[in-house]
**Student:** 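This is the structure, below, for whatever I ask next.
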There are 2 protein chains.
Amino acid sequence: MNSSSSPNRGRPARLNQERTLQTALDLLNESGLDALTMRRLADALGVQAGALYRYFATKHDLLTAMAERMLDGVADAAGPTTDSDWSEKAADLIRALRTALLAHRDGARVFAGTHPTGPNTLGFSERLIGVLREAGFSDSEAARALYTVANFTVGHTLEEQAAHYPGDEEPTDAGALHEAVAAGAYPHLAATLPVLAGTDFTTNFEFGLRLLLDGLRALQH
Amino acid sequence: MNSSSSPNRGRPARLNQERTLQTALDLLNESGLDALTMRRLADALGVQAGALYRYFATKHDLLTAMAERMLDGVADAAGPTTDSDWSEKAADLIRALRTALLAHRDGARVFAGTHPTGPNTLGFSERLIGVLREAGFSDSEAARALYTVANFTVGHTLEEQAAHYPGDEEPTDAGALHEAVAAGAYPHLAATLPVLAGTDFTTNFEFGLRLLLDGLRALQH
DNA sequence: ACCTGAACACCGTTCAAGT
DNA sequence: ACCTGAACACCGTTCAAGT
């Protein structure tokens, strides 16, 4: 029947946004952000680099789509039926954001370098602001709290992922820290060195998260 | 009259670490991080790009030195004679960190991409941890609080500087946010849109800072 | 000792031309 | 409509050779 007048005549496209996006995320996990070049991505897709620009106008657009995809599901983290209080729901959302960023190599760097405005990112903001507004916080308090926890989470995960893949294997700057502290200046750093040089990032994150939630609690009288 | 056997014979060096570092910081302020290439920096110094590698082994080393230099003076922010309480001293240090990052274009991006271990950076950590330990916080609390406030400040300033220089002039994603919100989904985002789309970064920062300090206060019973 | 010149191995992006 | 081939204008880094 309409085999010749249909749209999309010619050969079926070997490329599309979805396959490009998925392959880019795979390549990110395998090789990291620095190795994610348009040429290498094209290679992995069996295509020339120029062909990618039919689906993403710039590399930055591709990175934005990757960041948005990374947040898939985070908005569903605050259990809707669990009758926990607002701070538990907020904590669940924020932990889900960190987990989503950690799920991809250099996830925080990708996210920090873009400003996704898709349903996953907006959905996360919507849910967290909703939890806070329903807890009695004002519009501006809720909005500013969102920014604060998001900035903390991205900043923290940036550090965490930078410490994990230092290009080589050893913690590059732990040595420099030990050296400087051993010289005698910095008595307070010396006393807290075990924690400063430690790698228990989850405990560090939970500490910061608790600070923020306690701070919010102090706000409601 | 040792005019011929002295070290440093031959022509005096046109280049050195200090001049390279200072010119790099100037170029950063003029053109931003993306335009700060070894070739352009060499041009500004009147030299070939390869010559830079006698003073900085890699571009990353240069960026690390730039980050360290940016924090010059921040450790002196907590007035030593002012008899204010610990939270005022801590706040002053943290505000000084933000101010230092804001003082250079893309300062937060430079700082986030490096791990300086010089006296300015270590001095800042030493002072903040000192203030907290003397306020009665434990070693691990003080160390984790440092990480939390530093990560928040870097994350926040990253956002702030990304919003200021979007390559062009208009707030690039404010439009996308308005569009998405206007569609009807995201009622909570719609209600808080004025604050979310606002650009009062100092107020936002102070809100987060207060949250963290209140959270710390809640920690000491 | 310090810098040049030139190369190596890459980048993101564009666009005529093919199919 | 979709992709190739080839180019444009760059990168960071290395290193023999000059002075």
Side-chain angles (χ1 to χ4, degrees), chain A residues 2-21 23-24 27-28 30-67 106 109-110 113-114 166-168, chain B residues 2-21 23-24 27-28 30-67 106 109-110 113-114 166-168:
Chain A
N2 54 356
S3 63
S4 66
S5 66
S6 72
N8 212 7
R9 35 173 301 244
R11 286 153 301 295
R14 298 147 63 195
L15 234 49
N16 55 54
Q17 284 208 51
E18 180 54 33
R19 195 166 95 85
T20 303
L21 181 52
T23 306
L27 195 55
L28 179 70
E30 285 165 26
S31 320
L33 183 56
D34 292 334
L36 179 64
T37 70
M38 297 301 266
R39 283 172 149 91
R40 279 205 252 238
L41 175 57
D43 256 22
L45 287 160
V47 94
Q48 295 292 318
L52 299 173
Y53 290 81
R54 193 163 299 271
Y55 302 95
F56 293 96
T58 64
K59 183 180 184 181
H60 189 259
D61 283 3
L62 171 62
L63 289 169
T64 301
M66 292 168 69
D106 291 331
R109 266 173 77 197
V110 172
T114 60
D168 307 83
Chain B
N2 52 356
S3 63
S4 66
S5 66
S6 71
N8 212 8
R9 36 172 303 244
R11 287 153 299 296
R14 299 148 61 195
L15 232 50
N16 55 54
Q17 283 207 50
E18 181 53 33
R19 194 166 95 87
T20 304
L21 180 52
T23 307
L27 194 56
L28 179 71
E30 285 165 27
S31 319
L33 183 56
D34 292 334
L36 178 65
T37 70
M38 297 301 267
R39 283 172 149 91
R40 280 205 251 238
L41 175 56
D43 256 23
L45 288 160
V47 94
Q48 294 293 318
L52 300 174
Y53 290 83
R54 193 164 299 271
Y55 302 95
F56 293 96
T58 64
K59 183 180 182 179
H60 189 258
D61 283 3
L62 171 61
L63 290 169
T64 302
M66 291 169 70
D106 292 330
R109 266 173 78 197
V110 171
T114 59
D168 308 81

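In what follows, chains are A, B, ... by sequence order, proteins preceding strands, each numbered from 1.
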**Student:** Measure the distance from CD on A:Gln48 to P on D:dC2 and round it to the nearest whole Å.
**Tutor:** 18 Å

**Student:** With a 4.5 Å heavy-atom cut-off, do A:Arg19 and A:Leu15 have their side chains touching?
**Tutor:** yes

**Student:** From the options D:dT13, C:dC2, C:dC11, select the nucleotide whose nearest atom is closest to the side chain of A:Thr37.
**Tutor:** C:dC11

**Student:** On DNA chain D, nearest-nucleotide positions of B:Ala49 versus A:Arg14: which is more 5'?
**Tutor:** A:Arg14

**Student:** For A:Asp43 and C:dC11, what is the distance between atoms CG and P respectively, to the nearest whole Å?
**Tutor:** 9 Å

**Student:** Please state how far atom CG in B:Leu52 lies from atom C1' in C:dT4, giving the value in whole angstrom units.
**Tutor:** 13 Å

**Student:** In whole angstrom, what separates B:Arg54's CZ from C:dA1's P?
**Tutor:** 9 Å

**Student:** Assign B:Tyr55 to base, sugar-phosphate, or nothing according to its heavy-atom contacts below 4.0 angstrom with the strands shown.
**Tutor:** sugar-phosphate

**Student:** Less than 4.5 Å apart, any side-chain heavy atom of A:Leu36 and any of A:Asp106?
**Tutor:** no

**Student:** Looking at the side chain of A:Ala51, which of C:dC3, D:dT4, C:dC11 is the nearest nucleotide?
**Tutor:** D:dT4

**Student:** Rounded to the nearest Å, what distance is computed from the CG atom of residue A:Leu41 to the P atom of nucleotide C:dC11?
**Tutor:** 12 Å

**Student:** Once you round to the nearest 0.5 Å, how far does OG1 of A:Thr58 lie from CG of A:Leu52?
**Tutor:** 11.5 Å

**Student:** Give the rounded distance in Å between these two atoms: CG of B:Asp34 and P of C:dC11.
**Tutor:** 18 Å

**Student:** Of the candidate nucleotides C:dT13, C:dC11, D:dT4, which contains the atom at the shortest distance from the side chain of A:Arg40?
**Tutor:** C:dC11

**Student:** Can you identify which nucleotide, out of C:dC3, D:dG12, D:dT4, has its nearest atom closest to the B:Tyr53 side chain?
**Tutor:** D:dG12

**Student:** Using the P atom on both, measure C:dA9 against D:dA9 and round to a whole Å.
**Tutor:** 23 Å

**Student:** Within the side chain of A:Arg40, is there an N or O that forms a donor-acceptor pair under 3.5 Å with the backbone of A:Ser31?
**Tutor:** no

**Student:** Using purine N1 to pyrimidine N3 plus N6-O4 or O6-N4 for Watson-Crick, or N1-O2 and O6-N3 for G-U wobble, each under 3.5 Å, what pairs with C:dT14?
**Tutor:** D:dA6

**Student:** Between A:Met66 and A:Leu28, is any pair of side-chain heavy atoms under 4.5 Å apart?
**Tutor:** yes

**Student:** What is the separation between atom CZ on B:Phe56 and atom C1' on D:dG12, rounded to the nearest whole Å?
**Tutor:** 16 Å

**Student:** Expressed as a whole number of angstroms, how long is the span from B:Asp61:CG to D:dG12:C1'?
**Tutor:** 13 Å

**Student:** For A:Gly50 and for A:Arg39, locate the closest nucleotide of DNA chain D by heavy-atom distance; then report the residue assigned to the nucleotide nearer the 5' terminus.
**Tutor:** A:Gly50

